[in-house]
Amino acid sequence: MSQSIINTEIKPFSATAFHGGEFVPVSEQDLLGKWSVVFFYPADFTFVCPTELGDMAEHYAKLQEMGVEVYSVSTDTHFTHKAWHDTSDTIRQIQFPMIGDPTGVITRNFGVMIEEEGLALRGTFVINPEGQIKVAEVHDLGIGRSAVELVRKIQAAQYVAEHDGEVCPAAWQPGAETLAPSLDLVGKI
């Protein structure tokens, strides 16, 4: 990611996901009109990946309450996602779409492709209803992510979107004070 993709619009894509026991088409159009998380991981049938996807599955109901849809993406096929879902107790809990990206188009669109390996870095992207990327976080393969922290970031992004002129300070939680940037605050925080 040589330049920031924050506030850029998601690029077009067309893929197939395993979702609700079926193979379903998914495109960038499905992400519009609601908050979305695109959650890249390296590969099915691995070690850290199921812990992250399981953690996301445990927080999926909360995200749904917040009006957020989650899309997990790896460079595996949708067939592999189904096989993993059918054989893993952890992955069987997943209720969000698992997108197959065997050509790497989506992974490259978000700048998280490891070209030498044909795998995705651990990338998390929060997209607003207008299709703009508001949060981008990329981890090395050995560093797992936390759905709790993701929920907090989405809450902050939603708050800022709904409250023009306010910003959320570090470690902000819903109900806590926000800031209204102004000349009066310079050097006083």
Side-chain angles (χ1 to χ4, degrees), residues 10 13-110 112-114 117-129 133-155 157-158:
I10 54 172
F13 70 87
S14 179
T16 302
F18 178 69
H19 183 224
E22 299 180 17
F23 296 134
V24 297
V26 180
S27 77
E28 78 285 352
Q29 294 299 310
D30 293 298
L31 281 66
L32 300 178
K34 62 183 173 295
W35 287 86
S36 301
V37 170
V38 180
F39 190 79
F40 290 90
Y41 64 97
D44 294 357
F45 296 100
T46 55
F47 313 103
V48 176
C49 298
T51 67
E52 290 185 312
L53 291 170
D55 186 42
M56 186 69 78
E58 290 175 12
H59 292 85
Y60 185 60
K62 172 69 174 171
L63 290 164
Q64 291 278 277
E65 288 172 16
M66 294 166 54
V68 179
E69 183 56 84
V70 174
Y71 299 89
S72 65
V73 183
S74 77
T75 55
D76 297 294
T77 67
H78 53 286
F79 299 110
T80 306
H81 293 333
K82 180 190 183 314
W84 196 25
H85 187 273
D86 291 349
T87 58
S88 168
D89 291 337
T90 299
I91 302 307
R92 193 172 292 119
Q93 298 170 28
I94 292 174
Q95 296 178 9
F96 48 81
M98 299 177 71
I99 300 175
D101 185 29
T103 63
V105 169
I106 306 166
T107 307
R108 286 183 187 92
N109 282 354
F110 283 85
V112 293
M113 176 65 89
I114 306 168
E117 298 180 38
L119 301 174
L121 289 165
R122 297 186 191 290
T124 308
F125 300 87
V126 176
I127 301 158
N128 74 6
I133 298 169
K134 293 298 180 179
V135 173
E137 181 178 33
V138 180
H139 289 227
D140 192 14
L141 299 184
I143 303 168
R145 293 162 283 183
S146 167
V148 169
E149 177 58 10
L150 176 61
V151 167
R152 189 201 70 79
K153 288 177 185 177
I154 296 168
Q155 289 169 327
Q158 290 177 332

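Between the side chain of Lys62 and the backbone N or O of Glu58, no donor-acceptor pair lies under 3.5 Å. The backbone N or O of Trp35 sits nowhere less than 3.5 Å from a side-chain atom of Gln158 that would complete a donor-acceptor pair. When atom types are taken as modelled, the side chain of Asp101 and the backbone of Val105 share a donor-acceptor pair closer than 3.5 angstrom. Under a 3.5 Å cut-off, the side chain of Ser74 and the backbone N or O of Asp44 do not form any donor-acceptor pair. A donor-acceptor contact shorter than 3.5 Å links the side chain of Thr87 to the backbone of Ala83.
Side chain to side chain, His81 and Asp76 fail the donor-acceptor criterion of an N or O pair below 3.5 Å. Using modelled atom types, one finds a donor on one side chain and an acceptor on the other under 3.5 Å when comparing Glu69 with Tyr60.
Between Met56 and Val70 the shortest heavy-atom distance is CG-CG1, 4.0 Å. Phe40 approaches Val112 most closely through the heavy-atom pair CG-CG2, 3.8 Å. When all heavy atoms of Gly118 and Thr75 are compared, the closest pair comes out as O-OG1, 2.7 Å. Residues Ala15 and Gly100 approach most closely at CB-O, 3.7 Å, considering heavy atoms. Closest non-hydrogen pair, Leu141 versus Pro42, comes out as CD2-CG, 3.3 Å. Of all heavy-atom pairs spanning Thr103 and Arg108, the tightest one is O-NH1, 2.8 Å.
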Under the side chain to side chain contact (heavy atoms under 4.5 Å, CB included) rule, what do Asn109 and Glu28 come out as? Steps first, then yes or no, please. CA-CA 11 Å; Asn109 282 354; Glu28 78 285 352; over 6 Å; no
Show the numbers, then the answer: is there a side chain to side chain contact (heavy atoms under 4.5 Å, CB included) between Ile114 and Leu121? CA-CA 7 Å; Ile114 306 168; Leu121 289 165; 3.7 Å; yes
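Residues passing the side-chain contact (heavy atoms from CB on, under 4.5 Å) test with Val24, sequence neighbours excluded: Ala17, His19, Glu22, Val26. For Tyr71, the ring-ring contact (aromatic ring centres under 6.0 Å, His included) test picks out no residue, with sequence neighbours left out.
In this structure, Arg92 and Asp89 have side chains that are in contact, with non-hydrogen atoms separated by less than 4.5 Å. Proximity of Thr124 to Val37: side-chain heavy atoms (C-beta onward) are separated by under 4.5 Å at one or more points. Looking at heavy atoms from C-beta onward, Thr51 lies in side-chain contact with Val48 at the 4.5 angstrom threshold. The shortest side-chain heavy-atom distance between Phe45 and Thr80 falls under the 4.5 Å cut-off. Residues Ser14 and Pro25 are not in side-chain contact: their nearest non-hydrogen atoms beyond the backbone lie 4.5 Å or more apart. Val68 has its side chain out of reach of Val126: every pair of non-hydrogen atoms, C-beta onward, lies at least 4.5 Å apart.
Between Phe110 and Phe125, the ring planes are tilted. Angles from 30° to 60° get that label.
Distance SG/Cys49 to CD1/Ile91: 8.5 Å, rounded to 0.5 Å. Within the model, atoms CD1 of Ile133 and OG of Ser36 stand 11.0 Å from one another, a figure rounded to the nearest 0.5 Å.
Ionic pairing of Arg145 and Glu137 is not present here: no N-O contact between side-chain nitrogen and carboxylate oxygen is shorter than 4.0 angstrom.
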